[in-house]
Amino acid sequence: EDQVTQSPEALRLQEGESSSLNCSYTVSGLRGLFWYRQDPGKGPEFLFTLYSAGEEKEKERLKATLTKKESFLHITAPKPEDSATYLCAVQAGNTDKLIFGTGTRLQVFP
Amino acid sequence: DAGVIQSPRHEVTEMGQEVTLRCKPISGHDYLFWYRQTMMRGLELLIYFNNNVPIDDSGMPEDRFSAKMPNASFSTLKIQPSEPRDSAVYFCASSANTEAFFGQGTRLTVV
């Protein structure tokens, strides 16, 4: 069964303190791995898509990487406005649906 | 494009009543997904459509839930009769077979 596990569940950082969020997956034939950001009371907002091991994508203070078993979302010198829940999702090769992890709730304090 | 539009944003209803949630996907997207989000279970896929045809409804919890997509620009998710355990945020998302774009969700409370 396709499965996505995110860790940690929650992360508290001081402003400027870099860290990484983990997304481990088990899927039959990965078509794509997706990262989303969700703010309270809003829908998930698309960040990145990764398709193959070794691929990296960057956007401002965020960098996503992918291996054959997991993905990392690296946050460099975070700011309070980076506080949100970060969701990871996978799309298997034999289906079009996205399977989501339960997310990492990030809080960045000034 | 205004993005995925869902209505209503909030719905409070009494147990046993029928509830209808509505979604307008992004123009040109041929996939539409209905998700439910709770604190306990996170985002769960209920059903998805491709070119207005239901492809996978294995996530629909029971027969009280039904979804339709009469045309490319409109979909509904209906719960009849509603129960308190249906309380959650329901999201609609659309895609062109790559990343999915989500609406703002409908927060449903069944009392």
Side-chain angles (χ1 to χ4, degrees), chain A residues 1-10 21 23-25 27-52 55 57 59 62 64 66 71 73 84-105, chain B residues 1-10 21 23-26 29-60 67 88-109:
Chain A
E1 183 182 343
D2 301 331
Q3 200 166 3
V4 180
T5 304
Q6 291 189 246
S7 62
E9 286 188 14
L21 283 53
C23 171
S24 298
Y25 62 90
V27 64
S28 51
L30 181 72
R31 276 176 62 185
L33 185 141
F34 305 82
W35 282 98
Y36 286 82
R37 168 192 171 126
Q38 186 175 24
D39 292 296
K42 296 191 175 182
E45 176 188 343
F46 170 73
L47 292 174
F48 303 109
T49 308
L50 300 167
Y51 294 104
S52 57
E55 189 175 359
K57 293 270 180 78
K59 180 179 179 180
L62 300 177
L66 181 65
S71 176
L73 185 64
T85 295
Y86 290 85
L87 297 164
C88 170
V90 297
Q91 188 177 43
N94 59 351
T95 179
D96 302 303
K97 59 186 179 184
L98 295 181
I99 307 298
F100 279 84
T102 52
T104 293
R105 188 173 67 255
Chain B
D1 200 313
V4 176
I5 300 173
Q6 292 186 246
S7 64
R9 289 295 311 277
H10 303 273
L21 311 181
C23 175
K24 181 181 188 315
I26 294 172
H29 283 186
D30 52 359
Y31 286 86
L32 185 139
F33 305 86
W34 282 101
Y35 283 88
R36 177 171 68 177
Q37 188 174 42
T38 61
M39 289 292 294
M40 291 296 295
R41 300 173 68 89
L43 267 171
E44 301 174 278
L45 179 65
L46 300 177
I47 185 171
Y48 79 94
F49 296 82
N50 180 218
N51 291 322
N52 312 338
V53 176
I55 303 299
D56 185 344
D57 65 354
S58 60
M60 296 285 259
V89 181
Y90 291 80
F91 287 103
C92 174
S94 70
S95 85
N97 200 23
T98 53
E99 59 273 9
F101 294 88
F102 283 76
Q104 297 289 5
T106 295
R107 180 173 295 277
L108 173 65
T109 303

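Chain identifiers are assigned alphabetically (A, B, ...) following the order of the sequence lines, protein sequences preceding nucleic acid strands; residue numbering begins at 1 within each chain. Side chains included, hydrogens not; waters and symmetry mates left out as well; all remaining heavy atoms used. Just so it is clear, the structure is predicted and the values come from calculations on it, not from any experiment.
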Is the count of non-hydrogen atoms from other residues, nucleotides or ligands lying under 6.0 Å from Arg37(A) atom CZ greater than 12? yes
Which answer fits Phe48(A), side chain, backbone, both or neither, if we ask what part of it has an atom under 4.5 Å from a heavy atom of chain B? neither
Select one option (side chain, backbone, both, neither) describing which atoms of Gln91(A) are under 4.5 Å from chain B's heavy atoms. side chain
Assess whether atom CZ of Arg31(A) is packed by more than 12 heavy atoms of other residues, nucleotides or ligands within 6.0 Å. yes
4.5 Å side-chain heavy-atom contact, Thr49(A) and Thr98(B): no
The interface call for Leu43(B) against chain A, heavy-atom contacts under 4.5 Å, is both
Can you confirm whether or not the ring centre of Tyr35(B) sits under 6.0 Å from the ring centre of Phe91(B)? no
Where does Ser58(B) contact chain A at under 4.5 Å (heavy atoms): side chain, backbone, both or neither? side chain
Side chains of Thr104(A) and Leu73(A): does their closest heavy-atom pair fall under 4.5 Å? no
So which of Arg9(B), Gln6(B), Gln37(B) has the biggest tally of heavy-atom pairs under 4.5 Å with chain A? Gln37(B)
